[in-house]
2 protein chains.
Amino acid sequence: MSFTEYAEKSLREKGYKLTKPRRQVLEAIEKAEGPMSPYDIGKMMEGKGRHLDQVTIYRVINLLCSLNLVHKVFSRGGYVRCDLQEEEGCHRFLVCRGCGHLQEYRDEALCRQESQVAQKLGFQAEHHVTESSGLCKDCQG
Amino acid sequence: MSFTEYAEKSLREKGYKLTKPRRQVLEAIEKAEGPMSPYDIGKMMEGKGRHLDQVTIYRVINLLCSLNLVHKVFSRGGYVRCDLQEEEGCHRFLVCRGCGHLQEYRDEALCRQESQVAQKLGFQAEHHVTESSGLCKDCQG
DNA sequence: AGCCAAATGCAATAGTGTTGCATTACTGCC
DNA sequence: GGCAGTAATGCAACACTATTGCATTTGGCT
Ligand SMILES: [Mn+2]
Ligand SMILES: [Mn+2]
Ligand SMILES: [Zn+2]
Ligand SMILES: [Zn+2]
């Protein structure tokens with residue numbers, strides 16, 4: 001199931017309407033290679049003759065983020081589609097400082113250890129947001 | 001050694017000038033309880049009768065960030081002083097969703113494991129940025 | 001005191017994000 | 001397929017975040 005298909009299914013199941021702006025934003029994010037800002041999406045639409053209000057784009061993105069269908073990449077600015085459809089737990093990112101390549105991953109053991117370290121400090125962790133920077137396979141050596 | 005003292009010492013040692021705007025920003029960040037935006041700092045100054053240009057505040061903050069004297073807290077917006085003076089490695093944050101309380105910590109084992117997981121994916125990690133959300137001691141139970 | 005590189009101030013510009021309210025358009029139902 | 005009701009969008013306005021270029025000032029040095 002493609003990203004857009006999965007996202008549309010998720011929206012339906014949760015009672016959200018499947019509107020034209022939502023479809024368009026999903027399509028834009030599906031096609032994009034890297035993180036897109038809401039502004040980028042607006043420009044892309046404009047380039048195709050269509051028009052989407054900035055506020056609408058923000059609202060759509062917020063919804064998608066809240067459903068974990070897209071994630072904000074803090075170290076880069078912008079939003080990317082989730083590549084780990086329906087995999088539970090915390091989704092993390094590897095960000096290559098050479099080529100900008102982004103990889104999403106998940107690791108339960110890491111979550112456990114992270115929560116355990118927090119516990120020692122008296123903190124009850126619920127969610128971990130991590131972005132590691134470094135070099136991807138292609139950019140090493 | 002207080003935050004400001006340590007920061008001023010660091011700036012000197014690295015050949016940066018110790019200017020009035022830099023002192024003022026350091027003082028503002030030292031006093032602040034939570035993360036401050038550059039705009040917040042500007043308003044605070046204005047409130048005290050002084051005036052600092054926004055651009056200057058941004059430049060000072062960028063410098064302090066590059067020296068790891070302050071950190072940006074992505075999940076909240078805004079910048080906080082580093083509480084782990086001169087402790088090597090990746091500094092992480094625990095962010096309470098109840099009261100907003102912020103705690104900075106460090107854990108080498110966590111870094112090792114995180115880098116190891118990345119390695120398995122062919123990625124050579126150099127730095128980890130983590131913000132965990134959950135409940136602090138006071139906000140539990 | 002005087003030099004000068006570094007840093008600041010100012011002006012302009014662009015991107016990010018939010019709110020309120022009138023209008024539109026999905027969805028479910030007949 | 002039309003209709004009703006609610007959810008979502010469009011628009012207008014606004015506030016905050018961030019960057020650039022250039023003229024001017026100033027901290028650190030001799
Ligand atoms: Mn994900
Ligand atoms: Mn720190
Ligand atoms: Zn790379
Ligand atoms: Zn708390």
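In this text the structure is predicted, and so the values were computed from the model without any measurement. Residue numbers begin at 1 in each chain, while the letters A, B, ... track the order of the sequences.
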From the options [options], select the nucleotide whose nearest atom is closest to the side chain of [X].
X	options	answer
Leu18(B)	dG28(D), dT20(D), dT16(C)	dG28(D)
Tyr58(B)	dT19(D), dT18(C), dG9(C)	dT19(D)
Pro21(B)	dT9(D), dA18(D), dT8(C)	dT8(C)

Roughly, in whole Å, what's the span from [atom1] in [X] to [atom2] in [N]?
X	N	atom1	atom2	value
Asp53(A)	dT16(C)	CG	C1'	14 Å
Ile61(B)	dT19(D)	CD1	P	11 Å
Met44(A)	dG15(C)	CE	C1'	17 Å
Glu8(A)	dC26(C)	CD	C1'	14 Å
Lys20(B)	dG9(C)	NZ	P	9 Å
Ile57(A)	dT16(C)	CD1	P	11 Å
Ile41(B)	dT17(D)	CD1	P	10 Å
Arg12(B)	dC29(D)	CZ	C1'	13 Å

[X] side-chain N/O to [N] phosphate OP1/OP2 under 4.0 Å:
X	N	answer
Ser37(B)	dT17(D)	yes
Arg22(B)	dG27(D)	no
Tyr39(A)	dT16(C)	no
Tyr79(B)	dA18(D)	yes
Lys72(A)	dG17(C)	yes
Thr19(A)	dC26(C)	no

Residue pair Lys72(B) / Phe74(A), side-chain heavy-atom distance below 4.5 Å: no

Neighbour count >12 (heavy atoms, 6.0 Å) for atom CD, Glu13(B): yes

Test log, rule side chain to side chain contact (heavy atoms under 4.5 Å, CB included), inputs His128(A) and Ser115(A): CA-CA 8 Å; His128(A) 313 284; Ser115(A) 294; 2.9 Å; yes

Side-chain donor/acceptor of Arg59(A) to base of dG17(C), under 3.5 Å: no

5' precedence on DNA chain C between Gly15(B) and Tyr16(A) (nearest-nucleotide basis): Gly15(B)

Gap separating the CZ atom of Phe93(B) from the CZ atom of Phe123(A), nearest 0.5 angstrom: 12.5 Å

5' precedence on DNA chain D between His51(A) and Lys17(A) (nearest-nucleotide basis): Lys17(A)

Sugar-phosphate only, base, or nothing, as touched by Arg23(B) at under 4.0 Å among non-hydrogen atoms: nothing

Derivation and outcome, side chain to side chain contact (heavy atoms under 4.5 Å, CB included), residues Ile41(A) and Ile61(A): CA-CA 10 Å; Ile41(A) 295 174; Ile61(A) 285 184; 3.9 Å; yes

Candidates Glu108(A), Glu114(A), Glu104(A) - the one meeting salt bridge (charged side-chain N to carboxylate O under 4.0 Å, His left out) with Arg92(A): Glu114(A)

